[in-house]
Amino acid sequence: VHLRTAVADDEIEYQETAGHLCTIRYPIPGTDDAVLVSTTRPETMLGDTAVAVHPDDPRFKHLIGKTVTLPLTGREIPIVGDAILVDPEFGTGCVKVTPAHDPNDYQTGLRHNLPMINLMNPDGTYNENAGLYEGLDRREVRKRVVSDLEAGGLLARVEPYTNRVGLSDRSKTPIEPYLSDQWFVRMGDEPDGSAGFAQKAMDAVTSGAMKIHPERYAKSYLDWLGEKRDWCISRQLWWGHRIPIWYARCPEAELKRAFAGRDDVTWRLDEENGQWLVCALDDLPADALGDKYPLTQDPDVLDTWFSSALWPHSTLGWPEPTPELEYYYPTNVLVTSRDIITLWVARMVITGLYNLGQVPFADVYIHPKILDGFGETMSKMKGNGIDPLDIIERYGTDALRFTMVYLATETQDSRMPVANVCPHCGTLVPVKQEHMSMRTRKVTCPNCKKPFRPGGPWPAPDAELTTAKQASDKFDMGRNFANKIWNAARFLLLNLEGYTPAAIHLDGLPPEDRWILSRLSSVTQAVTGQLEAFRFSEAARSVYEFTWSEFCDWYVEMSKGRLRNPDTRPLAQRMLAGLLDAILRLAAPIMPFVAESIWQALNEAAFERGLPGPEPATESVVIAPWPAFPVEWQDPVRERRTELMKDLVKAVREIRAHYQVDSRTKLNVFVRCRAETALHLEGAAPLLELLEGAHLADDGCGPDTRKPPQSAAHVHPDFEVYVSLAGLIDVPAEIKRLEKQRGDKSKALQGTRAKLENVNFRDKAPPEVVQQQRAAVADLEKQLHVIEENLRELRQDVQ
RNA sequence: GGGCGCUUAGCUCAGCUGGCUAGAGCACCAGCUCGACACGCUGGGGGUCACAGGUUCGAAUCCUGUAGCGCCCACCA
């Protein structure tokens with residue numbers, strides 16, 4: 001495929017290609033001598049207009065100013081000295097110069113005022129300048145040139161050579177550099193020295209008018225713009241915005257007459273071609289100047305990035321001063337990928353500043369990328385992409401979105417191993433590397449042995465093979481979380497009968513309410529900060545953690561008893577409704593669909609709700625105000641108290657699980673602790689009852705509690721728990737349990753002691769850190785002591 | 001060649017300004033169909049934080065180097 005268009009440097013991709021390096025003799029007239037030049041593109045020698053050597057190269061210095069005869073053409077071309085083009089160490093030290101067909105040679109040509117001979121037609125065939133080779137395709141010319149040189153004894157040698165060939169991104173055919181007229185946008189500064197396009201776009205970032213997050217990406221933006229390379233914006237393609245230039249050959253008076261009073265039309269003279277270049281905002285009809293002087297529009301179209309650069313304002317109705325443009329421009333945040341910071345972002349800034357005088361957005365957030373399972377960027381070409389629709393169908397939209405946000409960390413790209421879902425039996429068949437790049441058209445299911453086509457971007461359906469859908473268990477997390485929220489909401493909705501709205505008063509609240517409000521206030525504050533700082537992954541983690549591990553795992557469980565008691569039920573309902581309301585608002589940006597559907601259901605059951613006081617709910621969660629709660633609700637002491645109770649419950653659970661005691665069997669629990677801790681654990685008895693089916697007697701918690709016979713122990717920094725297991729206790733197993741606890745604790749003790757024994761640590765570390773370590777040692781020693789005691793008793797039991 | 005980033009549990013990733021026994025999800029093991037949820041609950045196993053130096057009382061965290069990987073840019077007649 002030949003696209004026959006100009007391409008930008010950034011549309012070229014290089015590929016290592018095995019080719020040949022030909023060394024050709026260029027005879028020096030009047031002598032038997034010749035200079036040797038090497039090239040990977042021998043056919044371009046027809047357009048050589050010089051041979052260059054390094055000006056300081058002793059081997060060739062004396063030749064500068066002389067000429068050589070260009071083989072096959074007989075043209076005499078000069079030998080020039082050029083320190084930029086020539087590396088004397090490389091090859092023969094002599095370089096053929098083909099200004100019309102190589103960018104470096106072009107620059108060399110300009111430096112030495114060399115003629116530029118364009119050999120090629122736009123279709124890649126050679127033109128009349130190629131003499132005998134006219135009309136032949138470039139590849140054919142290469143063959144002929146080589147054999148003709150060989151026949152003439154002018155081909156010194158041909159060696160195998162691997163070089164990097166520039167291929168078009170789009171067509172994957174080799175780029176042929178050649179001279180053509182193109183349209184450029186000048187990026188450099190104005191002739192008077194004032195800032196040009198590139199500089200203005202740089203200033204937008206250095207002045208802080210536009211911030212790039214994470215900050216390090218500002219560097220690629222500034223570095224690239226700093227080169228101020230002119231932007232070639234014309235393309236010889238069919239699809240695209242046409243270049244708004246019309247050509248006319250007429251007296252200027254005609255233009256003045258036809259466009260009198262129009263400030264959207266300008267023109268200037270193209271002296272080289274003796275015509276007017278007319279530029280207009282709106283399309284000009286061919287007969288705008290009358291039949292005598294037809295206007296013809298330039299056939300080229302704009303670079304797609306030029307059109308894209310207009311996106312932030314052209315989508316809002318520009319150039320008309322629409323209300324939308326007025327209201328939305330400049331926008332707030334652009335979210336995009338790092339590889340188009342230059343191609344797209346920089347150019348949006350340039351056109352935004354030029355057309356509207358303001359940057360198009362205040363913040364640019366660059367997200368990490370999802371890579372394929374092998375760590376490579378996904379691309380259509382490679383065929384290693386994943387179809388979001390497959391994921392949505394299998395896991396849900398919110399699952400997709402949540403997982404993506406969860407993975408949007410600050411630096412780390414994320415690999416996404418993908419599996420094909422066997423269309424016959426549903427087995428997940430992991431994608432292997434050899435399935436990539438469309439090489440594998442057919443995979444056999446290891447389970448049902450039937451064939452299918454792996455999922456991916458296939459150009460057309462396959463009549464014989466069903467194409468598999470794609471899956472990736474990375475989305476389990478999002479799906480499970482959506483489901484968790486859904487079920488928590490269901491629980492609440494089933495328990496809202498008789499709900500009455502009323503304000504919450506902090507003072508009368510039970511400890512678990514104080515705790516969850518403290519957590520809610522902290523978490524809401526954290527999520528708000530994380531979103532503002534573009535730390536999306538952290539925000540997702542905060543919402544997930546709070547909702548699942550705190551609200552569902554503990555608060556909802558704790559509320560079950562209260563909902564059964566008519567005295568405590570109304571408050572529990574208000575708390576739960578208010579909490580769910582807050583969770584939905586926090587989750588809405590990340591899981592909009594689940595949040596919205598629950599919001600609607602909640603509006604039916606508890607229209608007026610909220611913390612601390614009830615308010616009528618908004619019609620939709622998307623217009624609900626972002627939540628914020630009093631900082632005074634944050635109460636470290638209450639949080640600590642709840643943590644202690646949770647630890648107590650967990651200790652009992654651990655024992656129950658270890659002895660595999662049926663959950664319906666009631667356990668008797670005894671706690672030995674300091675009086676102060678006992679105070680903190682005051683509310684623990686009902687929780688143990690509710691959550692663990694465990695009984696803690698009124699006098700079972702305090703400094704005087706004694707270890708009951710036949711019991712299992714768990715030693716916590718703040719308390720010792722004993723669970724009576726008369727008839728169930730397995731003494732050797734219990735010894736093993738305690739020995740493991742002892743192992744863990746003494747390992748920690750060792751580490752901490754070692755630190756304290758270090759004089760330098762005691763002298764140089766901050767006192768509070770030293771103090772903390774001392775306390776830790778004391779705690780651990782005490783715990784170990786208790787464990788030892790328990791072990792001794794158990795060993796006596798055995799004997 | 002220049003720049004940026006990464007390397008932590010079997011897999012995919014957290015770990016912000018250095019300081020409790022390094023965390024999560026999935027996977028794995030054991031036990032749970034008790035009134036939101038088996039897409040679940042409970043308990044558990046699993047890590048020389050790539051490697052080598054250095055700074056520090058103390059390093060997954062800071063510095064230097066090495067190796068591997070990814071991306072962007074430049075470019076080899």
Side-chain angles (χ1 to χ4, degrees), chain A residues 9-10 14 21 37-41 44 52 85-87 90-98 102-105 163-164 166 216-217 219-220 223-224 227 338-339 341-342 368-369 371 373-377 395-396 399 403 406-407 409-417 472-474 476-477 479-495 533 535 537-538 541 544-545 549 552-553 556-557 560 650 653-658 660-664 693 717 744-745 747-752 755 758-766 768-770 772-773 775-776 779-780:
Chain A
D9 288 344
D10 31 52
Y14 290 90
L21 186 67
V37 299
S38 297
T39 178
T40 53
R41 292 186 301 152
T44 62
L85 182 70
V86 183
D87 171 8
F90 189 91
T92 62
C94 304
V95 186
K96 61 193 271 312
V97 184
T98 322
D102 181 281
N104 289 316
D105 291 4
N163 77 332
R164 301 186 53 200
R216 74 190 125 90
Y217 289 114
K219 189 175 152 51
S220 18
D223 284 356
W224 183 80
E227 292 189 29
R338 68 175 102 87
D339 35 15
I341 292 173
T342 54
K369 296 214 281 190
L371 310 174
F374 311 99
E376 289 182 42
T377 309
Y395 303 91
T403 305
Y406 187 86
L407 293 174
T409 59
E410 191 158 336
T411 51
Q412 179 68 62
D413 288 344
S414 192
R415 291 179 184 215
M416 179 72 64
S472 174
D473 60 16
K474 295 298 145 213
D476 283 353
M477 175 178 246
R479 180 198 55 186
N480 295 353
F481 184 43
N483 194 248
K484 189 72 181 179
I485 298 184
W486 182 261
N487 277 303
R490 208 165 69 127
F491 165 78
L492 174 57
L493 292 167
L494 290 171
N495 281 288
R535 295 172 172 270
S537 172
E538 287 176 29
R541 282 164 211 264
Y544 180 95
E545 185 67 21
S549 309
C552 290
D553 285 355
V556 168
E557 291 307 319
K560 285 180 178 170
K650 284 195 230 171
R653 269 182 195 160
E654 192 257 314
I655 292 168
R656 188 194 284 278
H658 190 85
Q660 303 200 350
V661 181
D662 188 276
S663 61
R664 274 159 299 202
D744 292 348
K745 307 242 185 215
K747 199 176 133 202
L749 181 60
Q750 254 176 15
T752 318
K755 265 189 203 169
N758 185 337
V759 189
N760 288 324
F761 174 72
R762 295 201 305 263
D763 291 352
K764 297 191 182 174
E768 64 271 19
V769 174
V770 178
Q772 193 188 2
Q773 295 297 307
D779 269 355
L780 285 165

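Since the model is a prediction, treat every value here as computed from it, not as a measurement. What's counted below: heavy atoms across the whole structure, side chains too, no hydrogens, waters or symmetry copies. In what follows, every chain begins at residue 1, and chains take the letters A, B, ... in the order their sequences are listed.
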State the [atom1]-[atom2] distance between [X] and [Y], to the nearest 0.5 angstrom.
| X | Y | atom1 | atom2 | answer |
| --- | --- | --- | --- | --- |
| A:Tyr217 | A:Thr342 | OH | OG1 | 13.0 Å |
| A:Asn758 | A:Gln773 | CG | CD | 11.5 Å |
| A:Lys474 | A:Arg479 | NZ | CZ | 13.0 Å |
| A:Lys96 | A:Asp102 | NZ | CG | 8.0 Å |
| A:Ile341 | A:Asp223 | CD1 | CG | 11.0 Å |

Distance, rounded to the nearest Å, where [X] contributes [atom1] and [N] contributes [atom2]:
| X | N | atom1 | atom2 | result |
| --- | --- | --- | --- | --- |
| A:Arg338 | B:G5 | CZ | C1' | 7 Å |
| A:Ile485 | B:C37 | CD1 | C1' | 12 Å |
| A:Phe491 | B:A36 | CZ | P | 6 Å |
| A:Tyr217 | B:C4 | OH | P | 12 Å |
| A:Ile655 | B:U42 | CD1 | P | 17 Å |
| A:Tyr395 | B:C39 | OH | P | 13 Å |
| A:Arg762 | B:C57 | CZ | C1' | 11 Å |
| A:Asp744 | B:G44 | CG | P | 10 Å |

Pick the [atom1] atom in [N] and in [M], then give their distance to the nearest Å.
| N | M | atom1 | result |
| --- | --- | --- | --- |
| B:C6 | B:C13 | P | 13 Å |
| B:C75 | B:G15 | C1' | 40 Å |
| B:U7 | B:C63 | P | 14 Å |

Handout entry: Six-ring centre of A:Phe491, A:Lys560 cation under 6.0 angstrom, axis tolerance 45°
Key = yes
Problem - A:Arg541 to A:Tyr406, cation-pi by 6.0 Å centre distance and 45° axis angle - result: yes
Please work out if [X] contacts a base, only the sugar-phosphate, or nothing of the nucleic acid, heavy-atom cut-off 4.0 Å.
| X | value |
| --- | --- |
| A:Asp102 | nothing |
| A:Glu557 | base |
| A:Arg479 | base |
| A:Thr98 | nothing |
| A:Tyr544 | sugar-phosphate |
| A:Cys552 | base |

Under 4.0 Å between a side-chain N or O of [X] and OP1 or OP2 of [N]?
| X | N | answer |
| --- | --- | --- |
| A:Ser220 | B:C72 | no |
| A:Lys560 | B:A36 | yes |
| A:Asn480 | B:G40 | yes |
| A:Arg664 | B:U33 | yes |

What's the closest nucleotide to the [X] side chain, out of [options]?
| X | options | value |
| --- | --- | --- |
| A:Glu227 | B:C39, B:C73, B:G3 | B:C73 |
| A:Gln660 | B:A30, B:U42, B:A36 | B:A30 |
| A:Asn487 | B:G70, B:C57, B:C37 | B:C37 |
| A:Asp553 | B:U42, B:C26, B:C37 | B:U42 |

Exercise for the section: Encode nucleotides 9-20 of chain B as B, S and - characters from 5' to 3', where the letter depends on protein heavy atoms closer than 4.0 Å: B to the base, S only to sugar-phosphate, - to neither. Expected result: --BSSS----B-
Handout entry: Donor-acceptor pair (no angle test) under 3.5 Å: A:Ser663 side chain, B:C34 base
Key =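 When only heavy-atom distances are counted, A:Ser663 does reach the base of B:C34 through a donor-acceptor pair under 3.5 Å.
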Problem - Secondary structure of RNA chain B in dot-bracket form (Watson-Crick or G-U wobble, distances below 3.5 Å, | marking inter-strand pairs) - result: (((((((..((((.....[...)))).(((((.......))))).....(((((..]....))))))))))))....
Practice task
Could you tell me whether the side chain of A:Ser537 and the main chain of A:Leu407 form a donor-acceptor pair under 3.5 Å?
Solution key: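 No; zero donor-acceptor contacts below 3.5 Å.
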Practice task
Could you tell me which non-hydrogen atom of A:Thr752 sits nearest to which non-hydrogen atom of A:Ala776, and how far apart they are?
Solution key: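 That would be CG2-CB, 4.2 Å.
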